[in-house]
Amino acid sequence: MSKGKSGELKRSEVLQGTLDLMILKTLDAMGPLHGYGIARRIEQVSEDVLQLNEGTVYTSLLRLQQQGWISSAWGASENNRRARFYSITKAGRKQLLEETENWERISGVIARVLRTGGAK
Amino acid sequence: MTPVWRRLRELFARIAGSFRRRNFDAGFDEEIRTHLALLAERFAREGMSPDEAARAARRQFGGVTQLKNELWDRSRFGSFEALVQDSRYAIRQFRKSPLFAIAIVLTLALGIGANTAIFSVLQAVMLRSLPVRNPGQLVELLQKYPGEPRGNGYWTEASYLHFCKNNTVFSGIIGFSWDRLLHARTEHGVQRIITGEYVTANYFDVLGVQPALGRLIGPEDVRLGSPVAVVSWAYWKSELNGDPNAVGERIHLQKELVTVIGVAPHTFVGPFPELPTDVWLPKTPSRQAGIGLMARLKPGVTIDQARTEMAVLYQFTIRERAARSSDPLVWKLKVEVALARNGLNLARDRIGKPLLVLMCTVGLLLLIMCLNIAALLLARGAAREREFAVRVGMGASRGRLVRQVLTESLLLSISGTLIGVMLAYRGTAALETLLASGRIAQQMSLRIHPDWHTLQFAIGTALLVGLLFGIAPAWNAVRQGAAPALREAGTSTGRSTRLFGKTLVAAQVALSMLLLSTGALFVANLWNLEHAYLGFERDHILVVTLDQAANGYTGLRIYHDYQEVLTRVTAMPGVRSASFCAPAPLSGAGAAGFVNVEGYQERPSDKRWIEISHAAPDYFRTMGIPVLRGRAFTSRDQSDGRTVIINETFKRRYFAGRDPIAKRITLYHVTLDPEPKSYEVIGVVADAHYSEIREQANGGVYLPAFHDGFMNANNLVIRTNDNPEHLIRDVRVLVEQVMGGRVPVRRITTLNAQIDASIVPERLIAMLSGFFAGLGALLVGIGIYALLAYSVARRTKEIGIRVALGATVGQVRRMVLGDTISVVLAGLVAGAPLAIAGRRLALRLMQDLTVQSVAPIVVGGVGLILIALVASYIPLRRASGAHPLQALRHE
């Protein structure tokens, strides 16, 4: 049972990691936001390339919160409903910095690999 | 951040999250509703109809229920189904070896029960605040001689008024005096001795207490001195049958008739939590007794500001006292302002430190129990290696195994806790009885009920303990999980597991040595106190306390009544002699004064308090106090009444090298008689203890009890031939016959019982720490037994082979015993410094311990060695009986 799942898990983990990173970056850049705001921001930045069920955002938010990278507090939304606002913590900023470096390094490597591959 | 750390973070978050289902639901629902609404609004703005917009929003969001389930699964520690499964499995495991499970649960029940019981006493004594408004603002005003441990709180009305009028730091000062020996009877009830508190007009107002029924005492009642009373909840329940119409009922109080105007709330028992008040009465200025003072700090005022101001205001009291008293130490008095959040808690002074020591003791006991259980689980875990290996082989994750093992430990610890809390209820009842066995009017009647705090404590302990003793087996499970599956069971136990098991036992030995040696210290202390020579023969003495003041009956009549009592008691069979005295020996009461001695000069500041007692003829013979010089009182001394007998310390101080007989001394009897009087010394007696067992030898004088036709003593002491308890009934009947009810008997007790009542804290700590030490030692015995039995069982094959190869029984025994001895020795070596530190701590906490030697530590060590020998007897027999063939077939 564990075998069958792991293939899926790995694929989604890549995606999850990406989403986590995007959310951290969003919160870092925009300050406290609620889930809807985060979804809008990602939609806007990715120019609709990244289509996702917006509920997935909450899975990420929970994970980030469990790691202590973001924190949340209740506040009022634009339409005056109660909404949970998430903000990045100090540990979260540190994590973001590390992950960004990682990401840049890896994407650089991949880009190079792809380029040399193409040249052949 | 390392992955392991990440996993841990997540684990903690999940464990915390597991308890928040309701929060989770509400939070999630609201958050998602907002999200969907915002999304729908956006679509609506783009021109969709509201229905369409809502649908589109849901589509874009994805499945809500699915998401919710996923999030909930991620936010907690395992699913409920898995928990049920784990528990079922655990219970099946326990049913396979019920004795094992029962032993663990009982061990835990004892440990947690003991901890909960002691904690609830500690909580009641040390932590519980007065049930009044803002108890943190309350302070107590005391005056203190230098060097006194605790000041006294007796103030005059004039001082009270002076402070009220001139202070700027308190929002209110309340005054109260109390009488713990009031005779009270409701219209239809029986006579009882109760505690009455006389309170100032602002008492209830400043404390912020609201009545449960009727009203409380207010300014009018005090101004008019109305015969009204507020009764306590307990008194209302027991004496007024909890009648909702009790307001207006009347109570005969001493010679007065007072009307009940209200009932206090059930939490409020007055300023002394352990000495509850039964009735509150208006304090009238005519009551001359000293009053206790408590004050409420104004908001924002610190206690230091209050101290500074009180130091100034206190000068009034000093001048007032100096004007009235010949006490030369008056000028050394200081005022003290102490926090009174917990009330005027005398119990805290008396048993606070013993309780702390006991709390440490039971904490250690619990630790020993955890180690013991961990060792047992470990031994059993070794037997389960195969099971774990199979489960790993079938695909169980390590996390799942750990959860299984932890579920088992928690299940054990929770069952243990349930039984433990029940034990704690029984235990606290017993402790209440023990605490209430103190002296009359000092008996601590604490309401020790395990409450919410205690429950929190118990639950916390259960979880902690479960995790603590679960860690070892869990860790082992993880390691086992990693081990190659399905190795031969019974041979795969690593050296490290065995070493770990030995370490657990050695740690138990070390902790147990600490417990045993401190336990022995306290038991020896109690023994010393119970057998100390107090200056008189303490056995075979009956003390009858008469309530002279009950009917305001004095003078010649009483004088003759007492004489007749003496004559008739002395004539009773079984009575050797009888006499009167005051105060009763070792009752905690005393009278004192100052003295001027002919031919002895001293500066006023060097003056010492002198104990003043009254004694009738035959007193010294009855008590067995040797007369060293001169003579004892005779009936002649009763008429002229100007004679005095001094004790040895008095003689040494004031008559060094001189013969005191026929010399004159002048006595300033501070408490009884304002005028100094001159007396002639007729005798010298040996020192004896007056009010306490632990007091230093004091200078003391005895005056005649019968004197100028007055009677200054109300305690009849009787020396009997055998057990004085047999005479209690006859003596009571006789005294009541002679007195005809004019002077009631307040109490009859043996002198030994009276002494026992004065060392309740010592007995408390000796009994309990002795008991717990014994329990700890027993556990260590079990631990050693289990370790040995386990290792012998494991090594049956090896032993068999050794025997087959020609090893003698002696060699086998030595081999097995060698293990135990090394473990016990390691434990003792580690335990010795612990025991020494424990002894030092005990000596520091309990300053007047009578035991100074290190003998108790030796006792602890030797005791443990004996226990180890006893515990290893059976496994040793089994090992040496191992037959080679049997051993080989064993596989």
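The sequence lines fix the lettering, A, B, ..., with proteins before strands; numbering per chain opens at 1.
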What are the two closest heavy atoms between B:T34 and A:R82, and how far apart are they?
OG1-O, 2.6 Å
Worked verdict on A:H34 versus B:L38 for side-chain contact (heavy atoms from CB on, under 4.5 Å):
CA-CA 11 Å; A:H34 45 57; B:L38 286 167; 3.8 Å; yes
For atom CH2 of A:W103, decide whether the heavy atoms of other residues, nucleotides or ligands shown that lie under 6.0 angstrom number more than 12.
no
Going by residue number, which parts of residues 83-90 of chain A are within reach of chain B, meaning a heavy-atom gap below 4.5 Å?
A:A83, A:R84, A:Y86
Name, in order of residue number, those residues of residues 40-51 of chain B that have a heavy atom at a distance of less than 4.5 Å from a heavy atom in chain A; otherwise write 'none'.
B:E41, B:R42
Quick one: side-chain contact (heavy atoms from CB on, under 4.5 Å) partners of A:L33, sequence neighbours excluded?
A:T26, A:L27, A:M30, A:I38
Atom pair CZ (A:R40) and NE2 (B:H35), whose distance is rounded to the nearest 0.5 Å
6.0 Å
Distance, nearest 0.5 Å, that separates CD of A:E54 from CG of B:L39:
4.5 Å
Of the backbone (N, CA, C, O) and the side chain (C-beta and beyond), which part of B:I32 lies under 4.5 Å from a heavy atom of chain A, both, or neither?
side chain
Classify the ring geometry of A:Y58 against B:F61: parallel below 30°, tilted from 30° to 60°, perpendicular beyond 60°.
tilted
More than 12 heavy atoms of other residues, nucleotides or ligands under 6.0 Å from CZ of B:R88: is that the case?
no
Does B:R33 have any side-chain contact (heavy atoms from CB on, under 4.5 Å) partners at least two apart in sequence or in another chain, and if so, which?
B:D29, B:E30
